[in-house]
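No experiment lies behind these values; they were computed from the predicted model shown. In what follows, chains are A, B, ... by sequence order, proteins preceding strands, each numbered from 1.
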Amino acid sequence: MNDMRDPNLVIGSWLEEGPTHLPDSTRRAITTSARTVNQKRGLGLPWSRPASAPLRPALLVAALVVALAGVYLFGRFGSNESVGPPIATASPVPIASTPVSASPAPLVGRIGFTRYDSEFGPFGDNFGTFTMNADGTDERRLELPFASDGIVWSPDGSRILLPNAHREGQPFRPAVANADGSDYRVLEVEGNFRDMWCGAWSPDGGRLLCTVADKVDYAVDGIYSVAADGSDLQRLTSDTFVGVEGAASECGGADVPGDFSPDGTRFVFLREVCGPPPDPVDTQTATIHVGTIGQEATDEITIPGFVHPHLGAPHWSPDGEWILFGGISGLIYKVRPDGTDRQTIPISPASLDAYLYSPDWSPDGARIVFAMGSADGSDDNELYSVAADGSDLQRITHRQGTEDFSSWGPPAP
Amino acid sequence: MTVRLVERARDGDEDAFTELVDLHGDRCYAIAYRILRDTERAQDAVQQAFLLCWRELPKLRDPERFGVWLHRLLVNACYEEYRRYQRWSGRIRALPAEGPAGPDSTVSVADRDLLDRAFGQLTPEHRAVFVLHHHVGMPLATIADVVDVPLGTVKSRLFHATRSLRAAIGADRDIDVPEVRPA
């Protein structure tokens, strides 16, 4: 070691190392995204409040009174006592006053989700699968023969896909049913594999996007599509990252179905990559890929490690322009199908402790539904919706338990 | 010039906002990278800061304060990005830094490793003060305004950060630097 060197010079030189030019892609993402974000006007913050303005405390008190009255009235008249556990009394994430919105669009359609007895993620008892109006009212528990993790609405809202029917001792298979849970059918897809679960309908409602996973013959693993009646299985990808085993358990690395493009010619999926032994599950990462029906090659559109391997499943926007996903950072992102223009959805207010995941678009693409919980998992997670520009955050579930796997469908025909 | 741009952007002029991004983007990115030591996270922090900037600009009463205000948004975005990263992405692979300011021959590989490790032990609050002072050249009083803490706290953080880095490369061997865990 050279003791003659000037430590301040060394530190100063070290500090100057690194990039100095903001990448053009980020620059474009900022200006493009800004065009979709409404500026807040009318309410002042300390940076703009006149020194003598006494109105702010009064406004805050008034807002608090209105909010408390709303909570009271909802608790008294808005709840449905026939379903689920009692209403949770505390929000898991601090929510400031509702952002000003000039003319919020009416929330249309219904949202489906599964509720768990767990503080974080779908690891507790399955409380059931539910649907509700997009504003959180009219929650109904679906009476299903087998539990499932979430639902996916058919394009016309008349049918639902239950991704994986939990039949004790039997391999996973998808199921379909009417929107109210009636006419429930497990799809007995024939094939030389063990498990299959599905995550999306084709735009015409005729096919499903699925994953095949076999605990013995990994060579069959990958993304497949299958007709909505269980026939005509077609392979779309070959998962090249399975088969790594660790001391604690097998790695769940797999190709996980995301969504079809709106024109049905392409599909997006999550490729989970096992980490190194001895804990390949804990060190698992994921990337998002886009494929074209009928072509073997797929395009990796995110860098390794950026997407959450379990909670980041991608969804294609209704206009085909964006792919929405959950990042491992606990933020929600959108990116162009070719991998450019990745942008954070600037959801506000989201506290430092909040963790956002499992996003999905509303049928018209104007809003996003997602799950949010505290980073340390100390509170129940709840579902929220937000305008696509990140404004107008609204909490839409209030009951005890963790809600997850939300899917936003159109109004039933 | 910046004041006029800020006023126009505050009034909803998107072109003016684009010019502000062009004017301040590089500097913000350089700061964010040096606080976070990760190109992807730095890009996200800059993006978050500018989007908040655009959204909240109508509330900025004094355009002359734009620079301090933007730096505050940026530093807060870096704090947020850092804490999310710490909690949820221990396995994320940091990509190598790019750009014209590549490795400096003044810094040996061993020193660079030692400094990286020592800097990694600092809280984002210590990092921000160090970067704003030594990279940006910002006066301590201005830093206090940006990070919204008393001047004495800024001095304390700067002293601790500097001492930790000097100790890392053996410049202050006899100084026992208490270990600082990230928040």
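Ring geometry for A:Trp14 versus B:Phe119: interplanar angle over 60°, hence perpendicular rather than tilted (30 to 60°). Taking the six-membered ring for Trp and thresholds of 30 and 60 degrees, A:Phe325 and A:Tyr333 have nearly parallel ring planes, at less than 30 degrees apart.
Remark: B:Arg55 does not engage A:Asp389 in a salt bridge, criterion side-chain N to carboxylate O under 4.0 Å.
When only modelled atom types and interatomic distance are considered, B:Gln43 and A:Thr26 share a side-chain donor-acceptor pair under 3.5 Å.
In this structure, the portions of B:Gln47 lying under 4.5 Å from any heavy atom of chain A include both its backbone and its side chain.
The greatest number of non-hydrogen atom pairs below 4.5 Å with chain A, out of B:Val21, B:Leu115, B:Thr18, is found for B:Leu115. For the set B:Arg27, B:His135, B:His134, the count of heavy-atom pairs under 4.5 angstrom toward chain A peaks at B:His135. When the candidates A:Asn8, A:Leu22, A:Thr31 are compared by the number of heavy-atom contacts under 4.5 Å with chain B, A:Leu22 comes out ahead.
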